[in-house]
Number of protein chains: 2
Amino acid sequence: MAVNTQFSIAVHLLAGLACQDGQETTSGHLAMSVNTSPSFVRRTLAKLSKAGLVETTTGKSGACRLARKPGRISLLDVYHAVDAPKVFAIHEYAPQKPCVVSCNIKMALEKALAKTQAAMEASLAAITLADIVSDLKK
Amino acid sequence: MAVNTQFSIAVHLLAGLACQDGQETTSGHLAMSVNTSPSFVRRTLAKLSKAGLVETTTGKSGACRLARKPGRISLLDVYHAVDAPKVFAIHEYAPQKPCVVSCNIKMALEKALAKTQAAMEASLAAITLADIVSDLKK
DNA sequence: CTATACTGTGACTATTATAATAACAGTTAT
DNA sequence: ATAACTGTTATTATAATAGTCACAGTATAG
């Protein structure tokens, strides 16, 4: 178990909703599939709801369903929705004045890693929930 | 401070070595630039050494220097050397038998995320230590 | 208008991963 | 022999994450 479980759980939930074909589901039902507590599901689901990926209704017989067709939800949308961390973190440290490397490495690294982050996000943008779902049914 | 500091520290160390233009340096000296203990530096340095990115000599007046020219060391080399974690982890859970999603999502996610990982690595491969160093001097 | 069944959220605990330090064994110039 | 370095193990401290519990808010149904 490592850093980014929440992202994969979010995809799992969305895939579950997608397989319902527009039918509504409760957090309890989804929790059984993911095998966690309904509470944990709701917390992730709430983020997806705020990002506009799912619609939820409260009150008795409250439920949730996809807000868009699976083909119009990219993994990048999910990545942003769950507020996943950047791929690389840069270490904090007190720059040592006389050292050129120490004083400027952070800026140089940020520039380089921004490219990498962009490449990763572009790749995520190219995969939709529909792709995931179609793989499930093979 | 987050997940992947070791990668950025490794780049920092290599950049430091690159700025020495082949001259040798000790872990103590590098530690001052990164602002950590020599011990921590050596641990990271040892990984880089095993990966063939730096050469070290032991004994009195032991030291380290780059094994190749900065232009021939890519950030992907560094990424592999420090054994950084994958971009995305997939959650563990007990698949619930009657549920298609639960049983197959892991496989589908792995397939999708392999693409993303590859995109990220390709991006890292395109950046060399020389690029980083030239940014330092601006 | 009360009971019910859901979502949304805050507080809390447990667990894991990482950072960081210290200590020592191995090695080689002087 | 001694000194000064690397390599490695063991240990502790700290931070991030996973996971649970409890309750407030809300809408439906009787």
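Here is how names work: the chains are called A, B, and so on, in the same order as the sequence lines, proteins then strands, and each is numbered from 1. Owing to the predicted nature of the structure, the values given are computational and were not obtained by experimental measurement.
- In this structure, Glu55(A) atom CD and dT7(C) atom P are separated by 15 Å, rounded to whole Å.
- Listed pair Ser37(B) / dA20(C) fails the phosphate criterion, with no side-chain N or O lying under 4.0 Å from OP1 or OP2.
- No N or O donor and acceptor, one from the side chain of Arg43(B) and one from the base of dT6(D), sit under 3.5 Å apart.
- Where Gly59(A) and Ser39(A) each meet DNA chain C at their nearest nucleotide, the meeting point lying more 5' is that of Gly59(A).
- Taking both residues in full, the closest heavy atoms of Lys47(A) and Val82(A) are given as NZ-O, 3.6 Å, listed atom of the first, atom of the second, then distance.
- When the P atom of dA22(D) is taken as reference, atom CZ of Arg42(A) falls 13 Å away, rounded to whole Å.
- Classification of Asp77(B) and Arg68(B) as a salt-bridged pair holds, one side-chain N sitting under 4.0 Å from a carboxylate O.
- When the nearest nucleotides of DNA chain C are assigned to Thr58(B) and Lys60(A) by heavy-atom distance, the more 5′-ward of the two goes with Lys60(A).
- Residues Leu53(B) and Val78(B) are in side-chain contact: their nearest non-hydrogen atoms beyond the backbone lie under 4.5 Å apart.
- Checking the phosphate oxygens (OP1, OP2) of dT28(D), no side-chain nitrogen or oxygen of Ser61(A) falls inside 4.0 Å.
- Put simply, Lys50(A) has a side-chain N or O that comes within less than 4.0 Å of OP1 or OP2 on dT9(C).
- Regarding Phe40(B), its CZ atom lies at a distance of 16 Å from the P atom of dT6(D), rounded to whole Å.
- Between Leu48(B) atom CG and dT6(D) atom P there is a gap of 14 Å when expressed in whole angstrom units.
- Between dG7(D) and Thr56(B), a contact under 4.0 Å exists linking OP1 or OP2 to a side-chain N or O.
- A perpendicular orientation is assigned to the rings of Phe7(A) and Tyr79(A), their planes being inclined by more than 60° (bins at 30° and 60°).
- One interatomic measurement links the two molecules: CD1 of Ile9(B) to C1' of dA19(C), which rounds to 8 Å at whole-angstrom precision.
- Distance Glu24(B) CD to dT28(C) P: 14 Å, rounded to the nearest Å.
- Taking each heavy atom of Ser33(B) and His12(B) in turn, the nearest pair found is OG-NE2, 3.0 Å.
- Straight-line distance from the CG atom of Leu30(B) to the C1' atom of dT6(D): 13 Å, rounded to whole Å.
- In this structure, the CG atom of Leu13(B) is 14 Å from the C1' atom of dT6(D), given to the nearest Å.
- Considering only side-chain N and O atoms, Thr5(B) lies under 4.0 angstrom from the phosphate OP1 or OP2 of dA19(C).
- The phosphate of dC6(C) has neither OP1 nor OP2 within less than 4.0 Å of any side-chain N or O from Ser27(A).
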